[in-house]
Amino acid sequence: MGYVAVKGGTLAIDESIKRLKFERLKNQTVLNVKDIEGGMRGLIDTVMSESSLYNRESAAIAIKQAEGSVEEAVFLLRAYRSTLPRKHYSNTIDTQNMHVERRISSCFKDIQGGQILGAAYDYTHRLIDFSLDDEYLDDVKAWLTEFEARQGGVEQSDICLNQLPKVTEYLRQEGLISSYEDDDNEPVDITKKNLEFPTVRSERLQMLSRGQTGAVTSLGYAALRGYGDLHPTVGELRVGNVEVYIDNPLGDGNYHDCFYLGQLQITEVETYVARSTNNNTDNSQLQLEIGYGACFGQNETKSIAMSMLDLCLETDNPKYPTQDEEFVLFHIDSVESTGFISHLKLPHYVTFKSKLDSVRKTRDKEGAGNED
């Protein structure tokens, strides 16, 4: 559908943009981008995940420009991402080698390597800490010095945090989870190809990972409440850093001939659900199936919901909306959904006039019929 801009509206638009800047600055407070980057960790992780761009500084600038609006910040960062040249594809990341900062399992109390609570709001009292209103830099520096000194005195574990075994492998050794051959097919890049149905799993996982956090969480919740025939258990949730490498563009393809680019913090989740399987006999048996979720930053709720929707979409039962890939994947994209709803604010003079004429004609006909 085409839209025609209102004639003579350029001046009004310019003034509207100036008014927007005034609203951001009228309290005479200038937010430092470094302050946003340093103190809004959760917000930055959310924006980076939904934008599919891992850059904390750019995310902080987008948040500042958008005055804290997540949907606007994601729109800005996605638009910026589209201007960047894609020079390389990174090598496949083995999350087995993640440097773990946080690791929990809901399946077992004791797991090899232990539960690592790390930093999380799960164990805090949800009470507003009004003392934060009087937080000063000198006090913060003193607390950090004391904390770091105390950490240095804590006895270090012999467990290597870079190669913690996965709960999935333990269950696979017992034959409770099926083993599959590695799928070496090139993943489909949804940023370079329009989405077509049916999709392959690489497309679905990309869409879920960059999906709007609230939408992914809501659909995961819907699946739990009975609209997806699903109630999984979190086998393992990990938050940590993974190393990124690219092949030497002038090399001969040797696996060891590659360049180290840096590290990304990600959240990875594997959830399990028990389902009946056909073992080529008259009897069926229960087996665990895995749902997978991974997002930039510490994005735990979204990653868990993503793993649930991964399970749902692998089942593909039209009885449940959360197992309809077109329903799920088209409606979780933050830029598509907010953009389409926001377009309703644009001029619809011609189309509404047509609707109005139809309503008037119908009412006139009904009125004439009543007179007869």
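Please read all numbers here as calculations on a predicted model, not as lab measurements.
- For residues 45-100, every residue pair satisfying the ring-ring contact (aromatic ring centres under 6.0 Å, His included) rule, not counting sequence neighbours, is listed here: Y54-F296.
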Side-chain polar contacts of residues 110-119 - donor-acceptor pairs under 3.5 angstrom, sequence neighbours left out - could you list them?
{"residue": "Q115", "atom": "OE1", "partner": "S105", "partner atom": "N", "Å": "2.8"}
{"residue": "Q115", "atom": "NE2", "partner": "S105", "partner atom": "O", "Å": "3.1"}
{"residue": "Q115", "atom": "NE2", "partner": "F108", "partner atom": "O", "Å": "2.8"}
{"residue": "Q115", "atom": "NE2", "partner": "K109", "partner atom": "O", "Å": "3.3"}

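- Under the salt bridge (charged side-chain N to carboxylate O under 4.0 Å, His left out) criterion, K166 pairs with E268, sequence neighbours left out.
- Considering only residues two or more places apart in sequence or on other chains, F22 meets the ring-ring contact (aromatic ring centres under 6.0 Å, His included) condition with none of them.
- Remark: the backbone N or O of L311 is paired with a side-chain donor or acceptor of T315 at under 3.5 angstrom.
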Going by atom type alone, with no hydrogens or angles, which donor-acceptor pairs under 3.5 Å involve a side-chain atom of residues 231-241 and a protein atom two or more places apart or on another chain?
{"residue": "E236", "atom": "OE1", "partner": "V167", "partner atom": "N", "Å": "2.9"}
{"residue": "E236", "atom": "OE2", "partner": "R103", "partner atom": "NE", "Å": "2.8"}
{"residue": "E236", "atom": "OE2", "partner": "R238", "partner atom": "NE", "Å": "2.6"}
{"residue": "E236", "atom": "OE2", "partner": "R238", "partner atom": "NH2", "Å": "3.1"}
{"residue": "R238", "atom": "NH2", "partner": "L164", "partner atom": "O", "Å": "2.7"}
{"residue": "R238", "atom": "NH2", "partner": "P165", "partner atom": "O", "Å": "3.2"}
{"residue": "N241", "atom": "ND2", "partner": "E101", "partner atom": "OE2", "Å": "3.0"}

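- Evaluation of the salt bridge (charged side-chain N to carboxylate O under 4.0 Å, His left out) rule for R86 yields D189 as partners, not counting sequence neighbours.
- Pairs passing the salt bridge (charged side-chain N to carboxylate O under 4.0 Å, His left out) check and including a residue from residues 337-358, sequence neighbours excluded, read K353-D357.
- More than 12 heavy-atom neighbours from other residues, nucleotides or ligands sit within 6.0 angstrom of CZ on F197.
- For R275, the CZ atom counts as densely surrounded, since its 6.0 Å shell holds more than 12 non-hydrogen atoms of other residues, nucleotides or ligands.
- Interatomic distance, S209 OG to E50 CD, rounded to the nearest 0.5 Å: 10.0 Å.
- Listed by chain and number, the residues in a ring-ring contact (aromatic ring centres under 6.0 Å, His included) with F130 amount to none (sequence neighbours excluded).
- In K193, the NZ atom is crowded: over 12 heavy atoms of neighbouring residues, nucleotides or ligands sit closer than 6.0 Å.
- Residue pairs meeting the side chain to side chain donor-acceptor pair (under 3.5 Å) criterion with at least one partner in residues 35-47, sequence neighbours excluded, are R41-Q298, D45-R56.
- More than 12 heavy atoms of other residues, nucleotides or ligands lie within 6.0 Å of OH in Y123, so this atom counts as buried by the packing criterion.
- Judged by distance alone, the side chain of R204 and the main-chain N or O of T199 form a donor-acceptor pair under 3.5 Å.
- Distance alone, capped at 3.5 Å, places no donor-acceptor pair between the T267 side chain and the C295 backbone.
- With a 4.5 Å cut-off between side-chain heavy atoms of Ile, Leu, Val, Met, Phe, Trp and Tyr, the cluster of I17 takes in I13.
- E174 places no side-chain N or O within 3.5 Å of a backbone atom of L171 that could act as its donor or acceptor partner.
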Which pairs of donor and acceptor atoms, one on a side chain in residues 60-71, lie under 3.5 Å apart (sequence neighbours left out)?
{"residue": "K64", "atom": "NZ", "partner": "L31", "partner atom": "O", "Å": "2.8"}
{"residue": "S69", "atom": "OG", "partner": "E72", "partner atom": "N", "Å": "3.4"}

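- The salt bridge (charged side-chain N to carboxylate O under 4.0 Å, His left out) search around E186 returns none, not counting sequence neighbours.
- When hydrophobic clusters are built by joining Ile, Leu, Val, Met, Phe, Trp and Tyr residues whose side-chain heavy atoms come closer than 4.5 Å, directly or via intermediates, V350 is not grouped with L344.
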